[in-house]
Amino acid sequence: MVTTAQTPELDVQPTPLALLLLGREADPKSERGVECPGDLPSPSDPDLVERARAAKARLGDKVFVLGHHYQRDEVIQFADVTGDSFKLARDAAARPEAEYIVFCGVHFMAESADILTSDDQKVVLPDLAAGCSMADMATAEQVAECWDVLTEAGIAEQVVPVSYMNSSADIKAFTGKHGGTICTSSNAKRALDWAFEQGEPSATKVLFLPDQHLGRNTAVRDMGMSLDDCVVYNPHKPNGGLTAEELRAAKMILWRGHCSVHGRFGLDSVNDVRARIPGVNVLVHPECKHEVVAAADYVGSTEYIIKALEAAPAGSKWAIGTELNLVRRLANRFAPEGKEIVFLDKTVCFCSTMNRIDLPHLVWALESLADGSLVNRIEVDKETEAFAKLALERMLALPQ
C-alpha cells in the first residue's frame, strides 16, 4: 500500500518562463504561449468547408490567403498562393489591393509579411499560438548577450550576422542593425559569400542564427569549409559554452538552434530506407543534421524538393526528409505518374505549430473579417520593422 505524506505549502513562485510553458501567461515577444480569442467553430461542424468558401467570397478581393507548404490539406485548399515563407511574404507585398493578408503559416512568417507589405494592409494569423520552435530558440536578449561575449573576445567588429528567414522580427532587426543579412534555405550560400566579402576574408566571421544545421551544411557542403571551422554557441551556457580562443579561431559561429521536424531525421533513417527500398533516391532539406545531408543523394529547400520531383522520371523512388504534410501531398500528386514517394522516417512527424492553423481557426478568422472585425493582427513596431526590412533588403540585393 502506498501512502502520501502531507507536506507544508512551499512558498515557490513560478518563473515567467514556467507560466508561459503552462499556457497561463502571454508574451507578445514570443512565438508561442499566446491565446487565441473568440469562439471557434466546432471541428466536427460538417459545414466548415462551405462556411470558409462563403466568408472568402464575401470578402472578395479584400482578402488574400497565403498557404505555407507545410499546412494541412484542409487549409491549403483555400490558399490563393502556396509556397515557402519568403515567397509568400513577397507574394503578399505584390498584392497591394488586398486589405487583409491571411497568413496560414507561423508567427515569424506573418511578421515578415507585415514588414514587406504596406501600412494599409493588415496581416492576420488565424491562430496566434502558431509559432516556431526554431525561432523560439533565439531571443533578442540572448542574441544581445552573445554580441557582448563576442565584444569581450575582441572579435565583434569582424563578425557579420546572417539570420535564417525562420527567425523573429527582433532577430531580423538585430541582424539589420549590425550590418548583416537574411537568408533562405535556397540562397544561404549567396548570403554567406556576401557576408565574408564585407571584410578581410581571412579575418571575417559569421554569426549564423538560429539554425545550426543550415549554417553548418552550407559552410561545409557548399563552401568547402571544415567542421573544425564551425563552433556552436549555446545561449544557455556561460559565454555560449565557448572560450575566447575558440571564438577567435572559428569562421562560423553557429547558434544552437534547430528545426524540431528536420532535426529528428538520423543516419539510421537513411540507412533503413535504402535497405527497405532498393534504388531509392534520398532527398532532404538542409535543416537536417550534417550526417543526414552527407548521406543523402539530393539536398534542397522545399521549392527545390518540389521541382526535383516534378522533373523526376516515372517509376523513380524517393524518400523525402521534410515535413509530412508536404510529403504526403507530393506522394498523392505524383502517384498517377508512377513515382513512389515516401517519408524518410518510419515515425510520423507533422510540424505541430504549423498544424495549429486548422479549418476552425481559418473559418473564424475569415468570418470575423467578413463581419468587419479585425482579429489576430500581426503588427511589427516601426523601429523593429525598419531594421528588419534593412536586413531583408540586403538579401533581396544578393546576386541571383
- Item | Pair R248 + E246: basic N to acidic O under 4.0 Å | no

- Task: Could you check R95 against D91 for salt bridge (charged side-chain N to carboxylate O under 4.0 Å, His left out), going step by step and ending with a plain yes or no?
- Result: CA-CA 7 Å; R95 290 290 293 265; D91 286 343; over 6 Å; no

- Message: Restricting to non-hydrogen atoms, name the atom on L125 and the atom on G105 that form the minimum distance, rounded to 0.1 Å.
- Response: CD1-O, 3.8 Å

- Message: Regarding S269 and D272, do their side chains bring together a donor and an acceptor under 3.5 Å, going by distance alone?
- Response: no

- Query: Any Lys/Arg nitrogen of D119 or K382 sitting under 4.0 Å from an Asp/Glu carboxylate oxygen of the other?
  - Reply: yes

- Task: For K389, check salt bridge (Lys or Arg N to Asp or Glu O under 4.0 Å) against everything at least two apart and list the hits.
- Result: none

- Item | Pair K339 + E337: basic N to acidic O under 4.0 Å | yes

- Query: Remaining members of L150's ILVMFWY cluster at a side-chain heavy-atom cut-off under 4.5 Å?
  - Reply: V143, W147, V149, I155, V159, I171, F174, L207, L209, V231, Y233, L242, L247, I253, W255

- Item | Distance-minimising heavy-atom pair for L362 and C104 | CD1-SG, 3.9 Å

- Output every pair passing ring pair (Phe, Tyr, Trp, His ring centres under 6.0 Å) with a member in residues 304-337, not counting sequence neighbours, ordered by first then second residue. Y298-W318

- With sequence neighbours excluded, residues passing salt bridge (Lys or Arg N to Asp or Glu O under 4.0 Å) with R329: D73

- More than 12 non-hydrogen atoms from neighbouring residues, nucleotides or ligands closer than 6.0 Å to CG on D371, yes or no? yes

- Judged by modelled atom types alone, do S373 and S368 share a side-chain donor-acceptor pair under 3.5 Å? no

- Query: What residues, two or more places apart in sequence or in another chain, satisfy ring-ring contact (aromatic ring centres under 6.0 Å, His included) together with H69?
  - Reply: none

- Message: Strictly by ring pair (Phe, Tyr, Trp, His ring centres under 6.0 Å), give each pair with a member in residues 208-229 just once, sequence neighbours left out.
- Response: none

- Note on the structure: Of all heavy-atom pairs linking A169 and I115, the shortest is CB-CD1, 4.2 Å

- Of all heavy-atom pairs linking C351 and V261, the shortest is CA-CG2, 3.7 Å

- Message: Could you tell me if Y164 and T184 have a donor-acceptor pair between their side chains, going purely by distance under 3.5 Å?
- Response: no

- Task: Kindly check if the number of other-residue, nucleotide or ligand heavy atoms within 6.0 Å of CD (E145) is above 12?
- Result: no

- At their closest point, which heavy atom of H285 faces which heavy atom of V299, and how far apart are they? C-CG1, 4.3 Å

- Task: Could you walk me through whether D80 and K56 pass the salt bridge (charged side-chain N to carboxylate O under 4.0 Å, His left out) test, one step at a time?
- Result: CA-CA 11 Å; D80 294 303; K56 194 162 184 276; 2.8 Å; yes

- Message: Do the side chains of K189 and D193 get close enough for a salt bridge, i.e. N-O under 4.0 angstrom?
- Response: yes

- Query: Regarding K177 and the six-membered ring of F387, is the cationic atom NZ or CZ under 6.0 Å from the ring centre and inside 45° of its axis?
  - Reply: yes

- Query: Taking D211 for the side chain and L214 for the main chain, is one N or O donor matched with an acceptor at less than 3.5 Å?
  - Reply: yes

- salt bridge (charged side-chain N to carboxylate O under 4.0 Å, His left out) between D114 and K122, worked out: CA-CA 7 Å; D114 182 60; K122 302 167 185 67; over 6 Å; no

- Would you mind checking if E303 and K87 are paired as a salt bridge, meaning a charged N to carboxylate O distance below 4.0 Å? no

- Note on the structure: Distance col, row S168:OG vs E111:CD, nearest 0.5 angstrom, shows 6.0 Å

- So E310 and R333, salt bridge (charged side-chain N to carboxylate O under 4.0 Å, His left out) or not? Walk me through it. CA-CA 10 Å; E310 287 174 341; R333 174 184 169 186; 2.7 Å; yes

- Using a 4.5 Å cut-off on heavy atoms from C-beta on, say whether the side chain of V232 contacts that of R216. yes

- Hey, could you give me the OG/CD1 distance between S112 and I378, rounded to the nearest 0.5 Å? 11.0 Å

- Test side-chain contact (heavy atoms from CB on, under 4.5 Å) on E99 and Q121 and set out the steps. CA-CA 5 Å; E99 182 178 352; Q121 294 177 289; over 6 Å; no

- Note on the structure: Closest non-hydrogen contact found for A98 with F64 is CB-CB, 3.7 Å

- Query: Is P41 close to R51 at the side-chain level, that is, under 4.5 Å between some pair of heavy atoms?
  - Reply: yes

- Query: Quick one: do L369 and V49 end up in the same hydrophobic cluster if we chain Ile, Leu, Val, Met, Phe, Trp and Tyr together by side-chain heavy atoms under 4.5 Å apart?
  - Reply: yes

- Task: Assess whether side-chain hydrogen bond (donor to acceptor under 3.5 Å, both in side chains) is satisfied between T175 and S163, documenting all intermediate values.
- Result: CA-CA 7 Å; T175 304; S163 292; 2.6 Å; yes

- Query: Do the side chains of Q71 and T82 get nearer than 4.5 Å, heavy atoms only?
  - Reply: no

- Any ion pair linking R274 and D297 (charged N to carboxylate O, less than 4.0 Å)? yes

